[in-house]
Amino acid sequence: MTDVADWWTTRIIDMEPGKIQLRGHSIESLIEQNDFVATLWLMTQGQNPTQAQRTLLSAALVAAVDHGPQAPSIAAARMASTCGVGLNNAMATGINMLGDVHGGAGQQTLTLYQQILTRDEPLETAVSQVIKNYPSKYIPGFGHRFHKPEDPRAKPLMDLVRAHSDEAEIDGRYVAVAETVQQQLSANRPVGIAMNIDGATAVIYGALGVSPELARGYFCLSRSVGILAHAWEQTQQGGRNKGPTPPGYRWTYSEDE
Ligand SMILES: CC(C)(COP(=O)(O)OP(=O)(O)OC[C@H]1O[C@@H](n2cnc3c(N)ncnc32)[C@H](O)[C@@H]1OP(=O)(O)O)[C@@H](O)C(=O)NCCC(=O)NCCS
């Protein structure tokens with residue numbers, strides 16, 4: 001029977017009738033001792049977080065929960081809520097909108113920071129080389145259509161990483177990397193280019209040693225809170241078949257497109 005049992009192999013959960021153990025901790029003890037953020041870290045990283053890890057992860061999750069109904073993921077969840085589907089379907093609709101361009105830039109940003117840190121040269125030089133050779137003129141994690149010149153979420157997140165930088169499990173180097181990228185992008189411009197939510201949370205995930213792919217998963221979890229809140233609010237408000245604009249507006253018809 002081992003070929004059947006071994007079909008799924010996991011270090012995450014052990015279960016028997018009357019027993020549930022997550023990463024070696026009984027569910028009873030986790031219910032008593034862990035909050036949700038600590039449990040998220042335990043489940044995805046294999047052990048309970050230190051206080052510093054819990055604080056930083058929690059801050060990154062809080063910072064990214066919502067960015068209003070103009071964010072495609074939130075708008076889509078609200079529209080779905082007026083279509084007669086359940087709350088879970090509305091949430092999935094919103095979460096499925098998160099990708100490389102919307103919501104997912106943190107993964108690319110963390111990869112960029114890591115490329116900078118692996119270069120064997122002074123930080124200023126490493127940053128300018130990586131920016132110069134980046135395949136897009138837009139450096140992920142920087143710039144914002146709405147928040148100029150500063151995204152209000154960036155500074156408190158940077159301050160928090162700085163405050164915990166002396167602790168063994170926190171890699172404080174990412175703060176300087178992000179700030180140097182921002183300085184170089186903003187140099188000689190009348191208005192600076194903001195470090196956006198992805199730029200700032202990538203510093204946290206880098207400081208925590210989280211892989212770029214998993215950082216996107218954490219972002220999706222965080223934004224799920226906003227998606228759920230908006231989907232639920234829209235459900236309570238009612239509305240049927242709400243499209244992206246009030247029905248009095250029409251799209252542009254063009255035969256040239
Ligand atoms: C978010 C974004 C689409 C906004 O772009 P935008 O509306 O063109 O931004 P602005 O109009 O304020 O740009 C002003 C100037 O800064 C430049 N700029 C903006 N973001 C930049 C970035 N990330 N890297 C380099 N230059 C950037 C623009 O090219 C523009 O330069 P110009 O004046 O020489 O033409 C853009 O910043 C971007 O793609 N950022 C990277 C992806 C990302 O982090 N997404 C998550 C957003 S929360």
Side-chain angles (χ1 to χ4, degrees), residues 57 59-78 94-117 119 123-161 174-207 210-227 229-230 244:
L57 178 62
L61 293 170
V62 169
V65 284
D66 188 15
H67 206 246
Q70 277 182 339
S73 52
I74 301 286
R78 294 195 75 120
I95 293 162
N96 270 326
M97 307 281 292
L98 299 171
D100 284 348
V101 178
H102 169 47
Q107 180 177 342
Q108 297 155 319
T109 312
L110 183 48
T111 304
L112 177 100
Y113 292 165
Q114 290 177 342
Q115 281 167 4
I116 292 168
L117 281 170
R119 290 180 76 99
L123 182 57
E124 297 279 340
T125 317
V127 167
S128 70
Q129 286 301 315
V130 170
I131 290 178
K132 198 173 78 183
N133 294 315
Y134 199 73
S136 162
K137 93 169 202 178
Y138 290 99
I139 301 300
F142 296 86
H144 206 285
R145 292 219 161 97
F146 189 71
H147 302 297
K148 301 170 196 291
E150 295 293 335
D151 183 323
R153 298 165 289 189
K155 185 176 180 305
L157 292 174
M158 291 303 99
D159 288 347
L160 212 49
V161 182
Y174 285 86
V175 175
V177 170
E179 289 178 344
T180 306
V181 173
Q182 186 183 16
Q183 279 155 15
Q184 293 197 7
L185 291 178
S186 301
N188 306 318
R189 287 183 173 277
V191 178
I193 295 182
M195 184 191 305
N196 63 38
I197 182 68
D198 295 311
T201 50
V203 169
I204 295 220
Y205 293 129
V210 169
S211 79
E213 292 84 356
L214 184 58
R216 180 174 296 193
Y218 288 154
F219 178 88
C220 292
L221 261 180
S222 163
R223 186 52 60 89
S224 297
V225 174
I227 286 171
H230 281 276

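Bear in mind that the values here come from a model prediction, so they are computed numbers and not experimental data. Note that ligands are numbered from 1 as they come in the structure, with each ligand's atoms numbered from 1 the same way.
From the protein, the heavy atom lying nearest to atom 40 (N) of ligand 1 is F142 O, 2.9 Å. With respect to atom 46 (C) of ligand 1, the closest heavy atom belonging to the protein is D198 OD2, 3.1 Å. When only non-hydrogen protein atoms are considered, atom 4 (C) of ligand 1 lies nearest to R145 CG, 3.8 Å. Among protein heavy atoms, atom 36 (C) of ligand 1 sits closest to Y138 CD2, 3.5 Å. Here the heavy atom of the protein found nearest to atom 42 (C) of ligand 1 is P140 CA, 4.1 Å.
Against a heavy-atom cut-off of under 4.0 Å, K148 is close to the following atoms of ligand 1: 9 (O), 10 (P), 11 (O), 12 (O). Atoms of ligand 1 found under 4.0 Å from any heavy atom of I139, numbered from 1 in the order shown, are 22 (C), 23 (N), 24 (N), 25 (C), 41 (C). Atom numbering of ligand 1 starts at 1 in the shown order; those under 4.0 Å from a heavy atom of A105 are 43 (C), 44 (O), 45 (N).
With a 4.0 Å heavy-atom cut-off, ligand 1 is reached by the side chain of N196 but not by its N, CA, C or O. Of the heavy atoms in I193, only side-chain atoms (C-beta onward) come closer than 4.0 Å to ligand 1. When non-hydrogen atoms are compared, ligand 1 lies under 4.0 Å from the backbone of K137 as well as from its side chain.
Atom 2 (C) of ligand 1 is not flagged as protein-proximal [any protein heavy atom, distance under 4.0 Å]. Distance remark: protein heavy atom not present below 4.0 angstrom from atom 13 (O) of ligand 1.
The two residues V175 and V161 make their nearest non-hydrogen contact at CG2-CG1, 3.6 Å. Scanning both residues, I204 and A60, for their nearest heavy atoms gives CG2-CB, 3.9 Å. Across all their heavy atoms, Y174 and L110 have their closest contact at CE2-CD1, 3.8 Å. Of all non-hydrogen atoms in P140 and A105, the two that sit nearest each other are CB-O, 4.1 Å. Listed here is the closest heavy atom pair of A202 and G106: CB-O, 3.9 Å. Minimum interatomic distance between A154 and M195 (heavy atoms only, all atoms of both residues): CB-O, 3.5 Å.
Within the structure, ligand 1 has R189 among the residues with a heavy atom less than 4.0 angstrom away.
Under the 4.0 Å criterion applied to side-chain N and carboxylate O atoms, R216 and D100 are assigned as salt-bridge partners.
With ring centers used as reference points, H67 lies 6.0 Å or more from H102.
At least one N/O-N/O distance between G141 and ligand 1 falls below 3.5 Å.
With respect to I131, the side chain to side chain contact (heavy atoms under 4.5 Å, CB included) criterion is satisfied by exactly one of I139, L112, T180: I139.
Within a 6.0 Å radius of NZ in K148, other residues, nucleotides and ligands contribute more than 12 heavy atoms.
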